[in-house]
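Take a look at the structure set out below.
Residue numbering restarts at 1 for every chain, and letters A, B, ... go by the order of the sequence lines.
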Amino acid sequence: LALHKLAYGVAKEAPLAPNPIVVSCMGHAGVGIGAEAYRWILLDVGADPKAPSLKGEKEQLEILRRYGGTILRFGASMRRGEVPLVPRALLVDLDPRSANLILQSYPELFAMRDKHALYGLGGAARNWAEGRKRFMEEIEKKQDVQTRIRSISPEPVRGFILPFSMGGGTGASFSSEFMRYTKTSGELGYSTIASFGILPEFGWDPVIYGPSHISITMSLAHQMKYSDCPILLDNKTMRAHGHRLGDLLNKRSSIVDDLPKQLQVGWKEYRNVNLISAHVIAEFMSSFIRETEWDMSNYRTWLAASKPRFVIPWLMPIVPQGDSNFQSIQKQMSEGNEGVLFDVEEDGGRVEAGPKDSACILVKAKGNLEAPERNFFKKIVQDRYEIEDKRIIFVKVPALQNEPASCMVLLNVHALGKRLLPYVKEAEDVWDSYKDEYGKRGLGQEEFKQSVLDITGHLA
Amino acid sequence: LELSELEVIADQLLERQKELDALEEEINRLELDLHEFPRKSVGEKKFYALIGMNWDEPKIEEKLKELSEKRDAISKIISDENGKIVLALSEKNLIVPLDPKPIITGGSASFRYRGNSTYSKAIQELANVLGLSVPLKVDDVSIEHDKITVAEMDPHYAMEKIVGAFDKISKTVALKLGETPRSLSR
């Protein structure tokens, strides 16, 4: 009763929380990155990621202001006077081991235990067609996905965030089918989807060259069709930054550090790379969980008529440090703590401008974003990309006391199409050798070629 | 390249493809004969000796060489013709002779080919180049042998969508023609 009174008291005074957003982590990489993103966002505001909870009424209001209940919900209390905060997260994989490890290592964070996990019968899919078929048979048919989403988030869901790797089989295919399922499933169809697809680094990541291109092509086609905000990340560049800024990243705690050493299942090598991806997702989430003026659906409006629809996180401080003032961002930029996460031209040369190229700059800092601060960012962007002032969107995210200031420049540029087309060409070139294998698992020539047609027409 | 020209080329390609298939079959049979020849010839020679007749050694290798050369020549013609089609498509040089006035029925606009012409082989060839089947569907546009239908009632938007569909086809064909992409070792 006391808890109910407390919750009622909080609800009465706090701003009305918008409908929630569920983070659906797809495949091994997606699960690791999604969980890491939650950790990042909690650490940034000084919460204990092992067991974030509301203690006093003042703190409750503060936390509700930080998150707005968008990505976290109240859990059942285990300690007197404390209400745990539980991520609205679904960890989806073919194999139960990766999700289980996260759940076991963070039993109080992922307090709803098995409800957070959706998994198939085990193993991985190195083939997009196999992954999709198994998602349909082992997850869609056997489990009521809508009910599972409701159990994580009883309120109507207004959005999904999907982190996944595009080069393997499971993450790319699961996210593709999940997006299709969501957009064609009644009320869920109105929700906004933001996908975070990670392009692999060939010769480094555990992906098979030919099939990986087919996965990337099918994933691009599905993101183009079903994702309202498809954001692409580049593992090669992130690994380079992970190596360059290893000292800083090693000081920052990661979910990998809390996993049993003998069971780190491939995440250890990706610790610093995944931390960077998690930072991107956390920064994206903070743009609408604390701000009432900018909503996740604004990203949908931004990109609705864009060609290509894809977005890249271009520039950001990799490991934000210092205080929450704007000058702290400038200092980090000058000290080389910043990084270009995804560049359109590999050699760093001038990029061919598109007439409708645009940018969305997220600035998390205390105080107002006045003309000098805005000009600082405009100059950085316009030195490299010919983007008109009027096509630059600024989103100011309030930073909390003691939270390091940070920023992220999201770009939607025409030249990105050219950067992505070689993946499609390679997929097209290898298709004949693999078509029988894929055909047996439900991806026929017609569907593949149609996807090539769609994505080429869009990107070229 | 006009669709009517493509129809003629596609018809010729079809004939040549049939010829090529028949040649391939014959070559396969001869290769098998050649493989079996050392084993069979011993018995045949003895048989002919027994019946008191001369045994003429079959000239399998010569025949095989002749047919293989013919096959290569036809393959080259097919490949060259396909190349021309692909190039014409990629350079947006295909003229599609549609009647500009559509028939609006049931929420869609249908544009018939001028003079009520049909182009079954040309459209099939177009689908083959893309690896798709007929009717060729590109977004809201359905390309068939006797008409092009657009899920759009406004003729102006329907026209735009048809142009968009052929633009998409052209870009996809251009991707096939494109040089090996720059290093993807990322």
Is A/E338 close to A/M316 at the side-chain level, that is, under 4.5 Å between some pair of heavy atoms?
no
At a 4.5 Å cut-off on heavy atoms, which part of A/E428 comes close to chain B: side chain, backbone, both, or neither?
side chain
Out of A/L459, A/D454, A/L421, which one racks up the most heavy-atom pairs below 4.5 Å with chain B?
A/D454
Between A/F448 and A/Y438, ring centroids under 6.0 Å:
no
Between A/F342 and A/W314, does the ring centre distance come in under 6.0 Å?
no
Report the relative orientation of the aromatic rings in A/H213 and A/F202; use parallel for angles under 30°, tilted for 30 to 60°, perpendicular for over 60°.
parallel
Part of A/N235 within contact of chain B (heavy atom distance under 4.5 Å)
neither
